[in-house]
Amino acid sequence: MVLSPQVAGLIQVLISGVLVGCIYALLAVGVTLIFGLMKLINFAHGEFLMLGMYAAFWLSVLVGLDPLFSMPLIVVALFVAGLIIYRLIIRRMLGQAMLGQMMATFGLSIFIRGLAHYLWTPQVRVIDKPIVSGSVGILGIHIGLPQVVASLGALVLYGLLHLFITKTDTGLALRATAQDAQVAKLMGIDTDWMFALGWGLGLGSLGVGASLLSNYLYVHPTVGFEFALIAFFAVAIGGFGSVRGALVAGIAMGIVEHLAAWFLVPALKWPVVFLMYLVVISLRPTGFFGKF
Amino acid sequence: MTGKRILLVGLSVLALLTACGPAPTPEVIRETVEVPVELTVEVPVERTVEVPVEVEAEGLNEVRVGFPMPLTGRYAVGAWQIIEAVRMAADVVNNEYPNLDAIPFGPTAGLPNHDGAQIRLLIPDSQGDGENALADSERLITEDKVHVLFGGYASSISAVVSDVAERYEIPYVCGAASSHTLGERGYKWFFRQQPHDYTFTESMFQFLEEWGEESGNRLETVALFYEDTLFGADTADAAKMFAPQYGYEIVEEIAYSAETSSLVSEVERLKVANPDVVIATSYVADAILFVRTCKELDYVPPMILAHSAGYTDPSFIEGEIAKDAEGFATRMGMATDSQREIVQQMTALFRERTGSDVTGAGGKAFQSLITLADALNRAKSFAPEDIRQALLETDIPLEMSVLPQGIRFDPETGENIYARAVIMQMQGGKYQTVWPFEEAVVDVIYPLPKWSER
């Protein structure tokens, strides 16, 4: 049995919307973690994703390490990068105007992008033969295996983060710091370490996304830009600082994007997604799960 | 709380801006360069930094050719081929190459009708900047007293240089730019031999018609699949103009953002529309994503015709993606694999001099200088009006051109009335010419094999 092209197309679009949405959620979790802790948007988020994707590419080309296997290395490297960025830049900006802190990350993003342009040129690079590739077809509907693996990776990461935050002492300390850093400090929590950990986790989670995306997407110096933008809006729609909000919003954005391209015209898919954002914040300024 | 509100307001503004315009595009050097919205620059700007002018073949009996090009900056990588090809052409004209008997001026030294006058190239570095190109062009005319302005890469730069040439009444032979708007201004001193964006598109339909008649495969429906910047929109406008003229129905039109990370909905729409031909205009990242999405969704139309750009980028034609793109066809400015002797000699010489294969852009630039040399040789003197008159009387037959056509300029537009594209198809991991048939080295693969059969 094969479905009609219209029905198969709609189901295909819905499935792809969910799969892509999981990726958006995966990339948004780092933004929301850092914001939840420090009320700070990291504008260099997309550039660290780009660095992670370049790492996956070069490890594949030079060492022959598939992105699936290089993932732990990239996660650790970005985790350490998060700690260093916090210590060298963000920590010195604490107590300064919020705009100043954000400008610091903005400057960092331009620096990293410019450096990538210089080092690796604007050339678009792809990993030729990743282990996970191809698609499976059922009733005329095709599902890309790299996308399935990436979405599963996103859900596993969310599960692990949820367990870490809700079931461990460090997670409890993170939540306490996010709620009120001053009081948490009075209770004996090392809030400085919690902030650093937040940055480490925020960037480290990008390592998972970078590896999984490298399985089927290309890398170039500006590849992180659009993903970062999507991640920011997923956080705004889901609620600033809300991890589950980022998950729900990411998936919602993926579905709306794909349905808009299917039912309207593809050129309108992003305007419709951003219209959704405007509608959500006008009805519920805190986003789905955010609190003011 | 205030911070969150600032963020919300900021993100809202960002949302509106993002929805209205595309994000920065990865730099892609393509054979056709984007058309500028503004084609005139109002105020000459003096450059404070003196850029050295590269002077070649200095001599007394000479014709000076001003050739402002981006030697550095973002266009420098792509412009390299053009500069090397033009230098090679000047060398071929100026010096004796007895073995290059198929190339005009190859066996002789200099311009025979002017006592062996040499072509002297003056190449200032425009850095790919319009204001620099403007200042360079004026300086070349007023200080260096060049007889002709030549060259170009990005259409925006060619527009500026041609403005200056028109103002000073100096011939400008455009070497590579492809915006159709350049010739539409009715400039008296502008000449271009290679196809422009509209010619390229019309050539696609001519190919479909001629190949359809020869093979008996009359295709009827077309889908336009293009990235939504000016480049894609221009090619779509051209296709919408020519499709009805050649009897084709456009059954789907998909404009998408080149920065998108998913083309599933777009390819699904193509699937439902089920066109005979997809005409695709993409930068390289989205071209790669398009091929991969087609493969993932098990979709392949009977024929795909692309507008070069991303589909001929090194990232696309090198590596695994080229295997997946087997059967994809693209329009090009010249057939670098042509078996004609003149093309063989030119490509071999370029490889010998640079160690690289010449691209279509390089080949076109080479021919531009040969065409100019032909006019200079016939001109009564090197006075601008005499050179212009000789350019207007140009009539180079196919056998004396590396392009797939002869050269004769329309006095109204300065465009080559014979200009047409070639169609190349990815076969065996590389693009090979399939049309015009007299240039073809392989037959057209039709229909494209399904993914399961590859």
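Proteins come first, then strands; the chains are lettered A, B, ... in the order of their sequence lines, and each starts at number 1. Since the model is a prediction, treat every value here as computed from it, not as a measurement.
- In the displayed structure, B/Lys430 atom NZ is contacted under 6.0 Å by at most 12 heavy atoms of other residues, nucleotides or ligands.
- Only the backbone of A/Ile127 comes within less than 4.5 Å of a heavy atom in chain B; its side chain stays farther off.
- The CZ atom of A/Phe227 sits 11.5 Å away from the CD atom of B/Glu259 when rounded to the nearest 0.5 Å.
- Summarising the geometry, atom OG belonging to B/Ser261 is positioned 8.0 Å from atom CG belonging to A/Leu213; distances are rounded to the nearest 0.5 Å.
- At least one side-chain heavy atom of B/Glu296 sits under 4.5 Å from a side-chain heavy atom of A/Gln147.
- Around CZ of A/Phe106, the count of heavy atoms belonging to other residues, nucleotides or ligands within 6.0 Å does not exceed 12.
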Evaluation steps, side-chain contact (heavy atoms from CB on, under 4.5 Å), between B/Ile288 and A/Val124: CA-CA 9 Å; B/Ile288 292 170; A/Val124 176; 3.9 Å; yes
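- Within 6.0 Å of CE on A/Met103 lie no more than 12 heavy atoms contributed by other residues, nucleotides or ligands.
- Among A/Val223, A/Val126, A/Val20, the residue with the largest count of heavy-atom pairs under 4.5 Å with chain B is A/Val126.
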A/His220 vs B/Val284, side-chain contact (heavy atoms from CB on, under 4.5 Å): CA-CA, chis, key distance, verdict: CA-CA 11 Å; A/His220 54 76; B/Val284 63; over 6 Å; no
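- Residues B/Ser262 and A/His258 are in side-chain contact: their nearest non-hydrogen atoms beyond the backbone lie under 4.5 Å apart.
- Within the 4.5 Å cutoff, side-chain heavy atoms of B/Thr260 are placed close to those of A/Glu257.
- To the nearest 0.5 Å, the span separating CZ on B/Arg292 from OH on A/Tyr216 amounts to 11.0 Å.
- Within the model, atoms NZ of B/Lys295 and NE2 of A/His142 stand 13.5 Å from one another, a figure rounded to the nearest 0.5 Å.
- Put simply, the side chain of A/Arg125 never gets that close to the backbone of B/Ser315: no donor and acceptor are under 3.5 Å apart.
- The number of heavy-atom neighbours closer than 6.0 Å to CD of B/Glu320, taken from other residues, nucleotides and ligands shown, is above 12.
- Distance check: B/Ser257 OG to A/Leu268 CG gives 12.0 Å after rounding to the nearest 0.5 Å.
- A pairwise comparison of heavy atoms in A/Ala261 and B/Glu266 identifies CB-OE2, 4.3 Å as the closest pair.
- Residues A/Pro5 and B/Val272 share a closest heavy-atom pair of O-CG2, 3.8 Å.
- Contact count versus chain A (heavy atoms, under 4.5 Å) is highest, among B/Val267, B/Asp298, B/Thr293, B/Asn274, for B/Asp298.
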